[in-house]
Amino acid sequence: MVFDGHCDIFTDVTIKRLQGETQVLKNHHLPKLRKGNIEGGCFVIWVDPPYDTDYGKRTKQVLDAISAEMAECDEAVLVHTMAEIAKAKADGKFYILLGTEGLAAIGEDVDRIERLYDFGVRHAMLTWNEENALATGVQGNPARGVTPMGKKALQLLEKKHMLVDVSHLNERSFWDALDIVSCPVLASHSNAKALANTARNLTDDQLLAIRDTDGLVGLNSFNLFVSQDIRKQNIDMFVKHIVYMAEKIGVNHVGFGFDFFEFLSTDCMKSYSDLDVPYTTGLEDCTKVPILLQQLEKVGFTKQELERICYQNWHDFIRRILG
């Protein structure tokens with residue numbers, strides 16, 4: 001079984017519920033997730049373009065959609081601890097750890113993190129790609145890092161025992177964040193810059209720094225983060241990222257954060273790149289994950305190592321932070 005450490009399905013849930021649909025998880029997503037042997041994951045609140053003109057409004061729409069969807073879906077459950085994950089598995093439920101892909105919606109009011117926590121959020125990034133009142137994403141000013149307000153936000157995330165995620169931060173903000181917190185740190189959906197030199201990927205120094213916090217890195221299947229060469233945007237290159245990461249920081253610090261979003265509209269995809277598709281060939285969606293695992297076995301990963309990468313490392317990380 002597999003834990004997917006980064007998933008945008010609640011964006012699709014929001015879009016479809018605003019169009020009048022119900023039971024979006026059951027009708028559109030859970031069958032595919034089960035086919036891919038995905039047993040649970042971190043599903044994020046993401047304010048996608050063009051809705052980033054009003055972060056607060058869109059975040060409320062997403063939260064309302066999550067509340068309505070989870071109230072009517074008897075096959076999935078929100079979880080907040082490893083004990084709840086264990087219960088969900090025993091009950092045969094798909095389990096969802098709720099996160100937020102950026103905190104721009106809180107503005108400069110750090111206390112709003114408390115409201116997100118009360119809603120059930122247990123994971124957070126300071127930014128998506130943008131600059132905001134807290135920090136700077138990869139599309140922001142390279143010289144700008146975490147702000148004084150962002151420092152307060154990080155300290156509150158650590159105090160609340162929430163997962164601190166550094167994916168999407170620019171390098172200055174990344175290093176600022178690691179200087180501020182003392183907890184294990186997560187990069188939920190980032191690859192190795194040594195193999196794909198894009199701003200969203202991590203340098204060797206960043207990978208080692210995350211390892212040294214007893215942290216975790218989730219590998220991302222988005223094609224541009226797998227390779228800048230369109231001819232190499234395939235499952236074989238994705239496997240090379242996993243091999244590289246495991247050799248560089250150890251199998252115990254590697255997981256998956258697939259970032260599948262083939263289910264979203266072309267306009268949403270264009271917010272990432274000018275390419276027609278956002279996926280890696282051979283790993284187009286979650287149903288292809290079993291093929292990936294076969295490939296990993298072929299290149300020499302043992303059954304025990306695959307179990308660690310697939311879900312145990314994520315579970316251990318969650319246990320360390322959330323209990």
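Throughout, numbering of the chain's residues begins at 1 and tracks the sequence. Atom set for the values below is all heavy atoms of this structure, side chains included, hydrogens, waters and symmetry mates excluded.
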In Å, rounded to the nearest 0.5 Å, how long is the span from [atom1] of [X] to [atom2] of [Y]?
| X | Y | atom1 | atom2 | result |
| --- | --- | --- | --- | --- |
| Lys240 | Leu195 | NZ | CG | 8.5 Å |
| Glu307 | Met1 | CD | CE | 12.0 Å |
| Arg308 | Asn313 | CZ | CG | 4.5 Å |
| Met237 | Tyr244 | CE | OH | 11.0 Å |
| His123 | Leu116 | NE2 | CG | 12.5 Å |
| Glu75 | Leu33 | CD | CG | 11.0 Å |

With distance as the sole test, does [X] use its side chain to make a donor-acceptor pair with the main-chain N or O of [Y] at under 3.5 Å?
| X | Y | value |
| --- | --- | --- |
| Thr100 | Gly102 | yes |
| Asp4 | Gly41 | no |
| Asn191 | Phe225 | yes |
| Thr280 | Ser221 | yes |
| Glu69 | Leu25 | yes |
| Glu114 | Asp111 | no |
| Glu297 | Gln295 | no |
| Thr302 | Glu305 | yes |
| Glu158 | Cys183 | yes |
| Glu131 | Thr136 | no |

Take atom [atom1] in [X]; do more than 12 heavy atoms of anything else shown fall under 6.0 Å from it?
| X | atom1 | result |
| --- | --- | --- |
| Lys160 | NZ | yes |
| Lys151 | NZ | no |
| Lys32 | NZ | yes |

Tell me the closest heavy-atom pair linking [X] and [Y], and the distance in Å.
| X | Y | answer |
| --- | --- | --- |
| Ala187 | Leu202 | CB-CD1, 3.8 Å |
| Met162 | Val121 | CE-O, 3.5 Å |
| Ala105 | Thr59 | CB-OG1, 3.3 Å |
| Gly120 | His80 | O-CD2, 3.5 Å |
| Ala177 | Val166 | CB-CG1, 4.4 Å |
| Pro290 | Asn37 | CG-ND2, 4.0 Å |

Transitively linked via ILVMFWY side-chain contacts under 4.5 Å: [X] with [Y]?
| X | Y | result |
| --- | --- | --- |
| Ile113 | Val164 | yes |
| Phe222 | Leu169 | yes |
| Val44 | Trp314 | no |
| Leu296 | Met245 | yes |
| Ile9 | Phe3 | no |

Without hydrogens or angle criteria, can the side chains of [X] and [Y] be said to hold a donor-acceptor pair below 3.5 Å?
| X | Y | value |
| --- | --- | --- |
| Asn170 | Ser173 | yes |
| Asp285 | Thr287 | yes |
| Asp165 | Ser188 | yes |

Ion pair check, [X] and [Y], cut-off under 4.0 Å:
| X | Y | answer |
| --- | --- | --- |
| Asp176 | Arg172 | yes |
| Asp118 | Arg115 | no |
| Glu84 | Arg122 | no |
| Lys60 | Asp64 | yes |

Check: [Y] and [X] side chains under 4.5 Å, non-hydrogen atoms:
| X | Y | value |
| --- | --- | --- |
| Leu30 | Cys73 | yes |
| Asn201 | Asn197 | no |
| Arg319 | Asp316 | yes |
| Glu284 | Phe260 | no |
| Phe258 | His189 | no |
| Ile96 | Met70 | yes |
| His253 | Asp214 | yes |
| Leu154 | Val146 | yes |

Quiz prompt | Criterion side-chain contact (heavy atoms from CB on, under 4.5 Å) on Ser167 and Asn220, from CA distance to verdict | solution = CA-CA 10 Å; Ser167 280; Asn220 190 326; over 6 Å; no
Practice problem: Carefully, step by step, assess Asp52 and Arg58 under the rule side-chain contact (heavy atoms from CB on, under 4.5 Å). | Solution: CA-CA 8 Å; Asp52 52 352; Arg58 186 58 169 181; over 6 Å; no
Quiz item: Given Asp91, which of Lys87, Lys93, Lys89 fulfils the side-chain hydrogen bond (donor to acceptor under 3.5 Å, both in side chains) condition?
Solution: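 Running side-chain hydrogen bond (donor to acceptor under 3.5 Å, both in side chains) over Lys87, Lys93, Lys89 with Asp91 returns exactly one hit, Lys87.
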Exercise. On the 0 to 90° scale, with breaks at 30° and 60°, tag the Trp128-His168 ring pair as parallel, tilted or perpendicular.
Key: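 Rings of Trp128 and His168: tilted, 30 to 60°.
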Quiz item: When the ring planes of Phe10 and Phe43 are compared, do they come out parallel, tilted or perpendicular, using 30° and 60° as the limits?
Solution: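 Phe10 vs Phe43 ring planes: perpendicular.
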Self-check item: Worked check of side-chain contact (heavy atoms from CB on, under 4.5 Å) between Ile15 and Val24
Solution: CA-CA 10 Å; Ile15 292 168; Val24 180; over 6 Å; no
Exercise. Verify the ring-centre separation between Phe263 and His28: is it less than 6.0 angstrom?
Key: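 No, ring centres 6.0 Å or more apart.
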Exercise. Could you pull out all residues at least two apart from Phe317 that satisfy ring pair (Phe, Tyr, Trp, His ring centres under 6.0 Å)?
Key: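 With neighbours one apart ignored, the set is empty.
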Quiz item: Between Ile66 and Ile45, does a side-chain contact (heavy atoms from CB on, under 4.5 Å) hold up when you go through it step by step?
Solution: CA-CA 9 Å; Ile66 292 170; Ile45 300 159; 4.0 Å; yes
Quiz item: Using links of under 4.5 Å between side-chain heavy atoms of ILVMFWY residues, direct or through other members, which residues join Val47 in one cluster?
Solution: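 Under the 4.5 Å side-chain rule, Val47 groups with Tyr51, Tyr55.
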